[in-house]
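Note that the structure is a prediction, hence the values are computed from the model and not measured. Numbering of residues begins at 1 and proceeds along the displayed sequence. Atoms within each ligand, like the ligands themselves, are counted from 1 in listed order.
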Amino acid sequence: MPTSLFIPPPRQVYDRLGRDHFGATSYATYNYLGGGVIGKVKTQHFETALGLARTMGVRGDVVDFGCADGVLLASLDNLYDSVVAVDIRPDFIEICAQVVADLALSRTTTLCTEGLDWDQTVERIGAGSKSAVFLLETLEHIGTRDEFYESKIAFLQQVARLLAADGVIIVSVPNMVGLSLLAQRMVLAATRKYREPLSMGELARGVVLRDVSTLEARWSNDDHLGFNHRALEVALQTSFDVVHRRNIGVNVVYALRPQVATAPKGPALQG
Ligand SMILES: C[S@@+](CC[C@H](N)C(=O)[O-])C[C@H]1O[C@@H](n2cnc3c(N)ncnc32)[C@H](O)[C@@H]1O
């Protein structure tokens, strides 16, 4: 029987430390630690991402970029020499720091990037120093509406500055088109969780034609609306090699390597 690489942190830690997240005690509890089939399905991207990293022989020092309240940190701390837990939200990083202390994750440190530009972020984490950056369920929230995919690629290029030679970015994004979109909408409705508003026409277009481009105008950093991993894959071709791709239904997980000379320098704020 295959062993699990993802180690769910004890729920009690979050019940004690977390803050309200859509009625749950934390982001981690709301999304992953609720148990049951949904909890299992939702944590699959962690298992897949960690499995991909193992397949690629990742060892040493890694980053969890967009770590939220740290649900993956116990797993990473168990597998790697050092882990930097990075998030732009100070409230999440505060919880991460507590989780690190409570679970005695001695290889993990935390960094809040709020107000930091990329040069400062890269300097604090260490340019060219990491075997892998895990960027899970985060890229779809990044960038601008006007340059929907270009801005996400620009963000990845900055993240790539952290990689050592042969380093890899492990990315997971939601699969928000086709039957997966329909299934998610049905599960969210059945479990009374938040759903971005969609008309029947928009839903039909997204499910049947796998076209959500008309929704991009309503995208915001807090939402997934309009995100299409297939369009991301086209945009990736300009600067990254997709070394592995795993479509696991509700998510798609990639292992990316930057093509040569893809990482620019620049003081632009993250986002
Ligand atoms: C949907 S959560 C994903 C959390 C976790 N990686 C997971 O797989 O569930 C996205 C996280 O990315 C963080 N984030 C968004 N933009 C960011 C940025 N520019 N720099 C660092 N973190 C960012 C958010 O604060 C949030 O915690």
Side-chain angles (χ1 to χ4, degrees), residues 5-9 14 18-19 21-22 24 26-34 38-53 62-76 83-97 99 108 110-122 124-125 132-144 151-162 169-176 184 193-194 196 219-225 227 248 250-254 266-271:
L5 294 169
F6 175 60
I7 304 171
Y14 284 96
R19 320 216 167 120
H21 190 90
F22 295 107
S26 67
Y27 171 88
T29 320
Y30 179 82
N31 284 293
Y32 303 119
L33 305 179
I38 292 185
K40 237 185 166 53
V41 169
K42 286 191 115 183
T43 53
Q44 273 311 298
H45 72 280
F46 293 135
E47 198 61 42
T48 305
L50 295 170
L52 265 187
V62 303
V63 179
D64 184 3
F65 212 109
C67 61
D69 52 10
V71 66
L72 188 60
L73 297 180
S75 310
L76 296 175
V83 181
V84 187
V86 177
D87 205 280
I88 202 164
R89 279 182 49 175
D91 55 333
F92 276 162
I93 288 298
E94 233 174 78
I95 297 172
C96 282
V99 168
T108 302
T110 59
L111 175 68
C112 178
T113 54
E114 186 185 50
L116 299 184
D117 66 29
W118 273 109
D119 283 347
Q120 293 165 325
T121 299
V122 170
R124 288 186 198 192
I125 300 173
V133 177
F134 291 86
L135 184 70
L136 307 184
E137 302 306 289
T138 295
L139 194 57
E140 67 277 13
H141 297 286
I142 296 290
T144 61
S151 56
K152 291 169 178 51
I153 301 301
F155 184 91
L156 282 171
Q157 288 174 328
Q158 296 290 351
V159 168
R161 293 170 61 188
L162 299 169
I169 308 177
I170 308 280
V171 175
S172 81
V173 291
N175 181 346
M176 299 287 291
Q184 282 167 53
K193 293 205 170 182
Y194 172 73
E196 296 103 342
W219 175 88
S220 78
N221 294 89
D222 293 331
D223 255 337
H224 300 162
L225 202 68
F227 179 79
I248 54 170
V250 289
N251 311 89
V252 190
V253 187
Y254 306 95
L269 273 176
Q270 284 191 23

Show the atoms of ligand 1 that are less than 4.0 angstrom away from any heavy atom in [X].
X    : value
R89  : 25 (O)
F92  : 27 (O)
T113 : 20 (N), 21 (C)
A68  : 4 (C), 27 (O)
H141 : 1 (C)
F155 : 19 (N)

Roughly how far, to the nearest 0.5 Å, is [atom2] of [Y] from [atom1] of [X]?
X    : Y    : atom1 : atom2 : answer
L162 : I169 : CG    : CD1   : 8.0 Å
F134 : I170 : CZ    : CD1   : 5.5 Å
Q184 : H224 : CD    : NE2   : 8.5 Å
L73  : T108 : CG    : OG1   : 5.5 Å
L135 : L156 : CG    : CG    : 6.5 Å

When you compare ligand 1 with [X], is there at least one nitrogen or oxygen pair between them that comes in under 3.5 angstrom?
X   : value
Y32 : yes
D87 : yes
V86 : no
V71 : no
Y27 : yes
C67 : no
D64 : no

Does ligand 1 have a heavy atom under 4.0 Å from the side chain of [X], from its backbone, from both, or from neither?
X    : result
L72  : neither
F134 : neither
N31  : neither
E137 : both

Q. Looking only at heavy atoms of F46, does any of them come nearer than 4.0 Å to an atom of ligand 1?
A. yes
Q | ring-ring contact (aromatic ring centres under 6.0 Å, His included) against F6, all qualifying residues, sequence neighbours excluded | A | F46
**Q.** Centroid-centroid under 6.0 Å between Y32 and H45 rings
**A.** yes
Q) Do you know which two heavy atoms are closest between D69 and S26, and how far apart they sit? A) OD2-CB, 3.4 Å
Q. Between the main-chain N or O of F155 and the side-chain N or O of W118, is there a donor-acceptor pair closer than 3.5 Å?
A. no
Q) Who pairs with D91 by salt bridge (charged side-chain N to carboxylate O under 4.0 Å, His left out), at least two apart in sequence or on another chain? A) R89
Q. Does a side chain donor of either Q44 or N251 reach within less than 3.5 Å of an acceptor in the other side chain?
A. no
